[in-house]
Amino acid sequence: MSDLVTLGHRIRHFRGLAGLTLDQLGQRVGIAGSQLSLIENGRREPRLRLIAALAEVLGVAVADLLDDAPPSERAGLEIELERLQAGSLYASLGLPAVRPGKNVSDETLTALVGLHRELARKSRESIATPEEARRANTELRQRVRSIDNHLPAIEDLAEEAVAAVGHVGGALTHRSVTLMAERLGFDLVHVGDLPHSARSVTDLAGGRIYLPPASIPGGHGLRSMALQAMAHRILGHSEPASYADFLQQRLEINYFAAACLMPRRQSVDFLREAKRNHDIAVEDFRDAFGTTHESAALRFTNLATAYLDMQVHFLRVGDDGAVYKAYENDGLRLPVDVTGSTEGQPVCRRWSARVAFDRVNRTTEFYQYTDTPEGTFFDSTQTGATAAGEFSITVGVPFVHSTWFRGRETDNRLASTCPDAACCRRPAAGLSERWSGKAWSSAKLHAHILSPLPSGTFPGVDDHELYEFLERHASDAG
Ligand SMILES: [Zn+2]
């Protein structure tokens with residue numbers, strides 16, 4: 001027997017066909033009509049002997065009553081509605097349960113069930129498990145690769161937005177960013193009590209963008225955060241419907257902010273000039289536009305293939321050797337796990353991204369050629385540090401493009417055969433013999449980039465905290 005609700009519906013269905021009231025059928029099988037009603041509503045479990053008696057009076061087989069299919073399409077909808085209304089998701093909304101009696105039309109019932117199904121689907125999607133998050137992230141990386149990390153429509157919007165406030169070149173000032181916000185009808189307000197893990201909050205009704213009072217060290221600058229907040233409006237984003245949607249929006253706002261801070265025309269002019277001089281250096285690009293090294297390196301990947309005719313790769317790697325962020329369209333073989341995800345995977349110890357940590361002098365970029373089974377690559381790596389530890393930012397190209405880069409005359413050259421374990425993972429034979437089975441180590445739990453996210457309208461931000469925050473500040477808006 002499937003469940004009591006379906007059984008009840010089947011009894012009611014066959015009672016209707018037999019033309020009997022609750023009382024009439026109850027009397028024939030020796031129970032009160034009210035008891036039969038409870039059974040039909042799935043609230044009481046009938047004994048098998050009673051089911052047999054009911055089947056006999058209704059002229060059907062016991063198996064007909066115990067069948068787990070709804071007796072009709074209408075009954076199927078009623079059963080589904082009851083189940084959905086009984087769930088914790090609906091209960092969390094604090095709304096009354098609708099009883100799908102005869103006065104509820106088929107149309108109304110269909111609409112209600114349809115809305116319930118969509119609500120359940122969206123809720124499942126927004127509670128991203130780490131597996132779902134990793135899958136969505138991998139899909140996005142593959143999509144980005146297929147378009148050479150270049151989004152022309154957003155380039156156009158960013159170019160218009162900075163031109164409209166009279167920005168002509170060099171670093172985009174905080175003043176220009178404030179003017180851009182004003183054109184969109186927003187005030188930039190700096191506060192010290194943003195909801196936990198929210199970068200910014202936008203009060204659409206009140207026309208305010210709330211930002212932290214100071215830059216996050218080693219993280220996003222204030223200009224970048226303000227531009228990202230504005231980007232949601234400029235790009236016409238609505239509340240993310242899924243984790244994949246959330247990632248796509250985040251990619252787009254990051255892209256927009258970078259394209260404002262390093263506008264296409266000025267950036268391409270700057271980089272083409274450097275290419276003509278065989279002197280491309282991310283550190284110069286960074287300094288010319290007053291951004292972080294990571295922003296400049298990522299921005300370089302937006303423009304390199306579309307405007308400089310070269311394939312590139314980008315890596316942000318932690319001092320533990322694990323990938324934090326990666327992009328390639330030049331055939332570099334990124335380390336991946338079984339799901340195709342690269343975040344958290346260790347890169348080869350012989351790659352520039354890791355070798356650079358061993359340097360003493362880190363004031364300039366580190367240059368290295370690396371021979372791999374996929375060909376030789378030229379890399380330039382800059383190391384930096386945050387409270388969480390050291391990291392390295394690498395931009396690299398296939399050997400053929402190294403001629404355009406500063407540092408191309410370096411003598412640093414290493415060979416890597418990863419993912420072949422003999423490259424840098426397998427210990428030397430002598431050491432294995434000496435230590436195998438004679439030591440034990442406890443692993444550090446990897447504080448992973450894609451840990452489970454609290455569910456809310458915006459992944460990672462708690463709705464309760466968000467709305468409390470908005471309440472707190474709505475009153476001082478004056
Ligand atoms: Zn290796």
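We count ligands from 1, going down the list as the structure has it; atoms in each ligand are counted the same way.
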Side-chain ion pair, D319 and R354, N-O less than 4.0 Å: no

Partners passing side chain to side chain contact (heavy atoms under 4.5 Å, CB included) against I154 (at least two apart in sequence or in another chain): L151, L235, E252, Y255, F256

Aromatic plane relationship, F270 with F289 - under 30° parallel, 30 to 60° tilted, over 60° perpendicular: perpendicular

Atoms of protein origin (N, O or S) under 2.8 Å from the Zn ion (ligand 1): C348 SG, C418 SG, C423 SG, C424 SG

R272 charged N/C atom sitting above Y307 aromatic ring, 6.0 Å / 45°: no

Axial cation check for Y369 ring with R413, 6.0 Å and 45° limits: yes

Salt-bridge present (E294, K325; N to O < 4.0 Å): yes

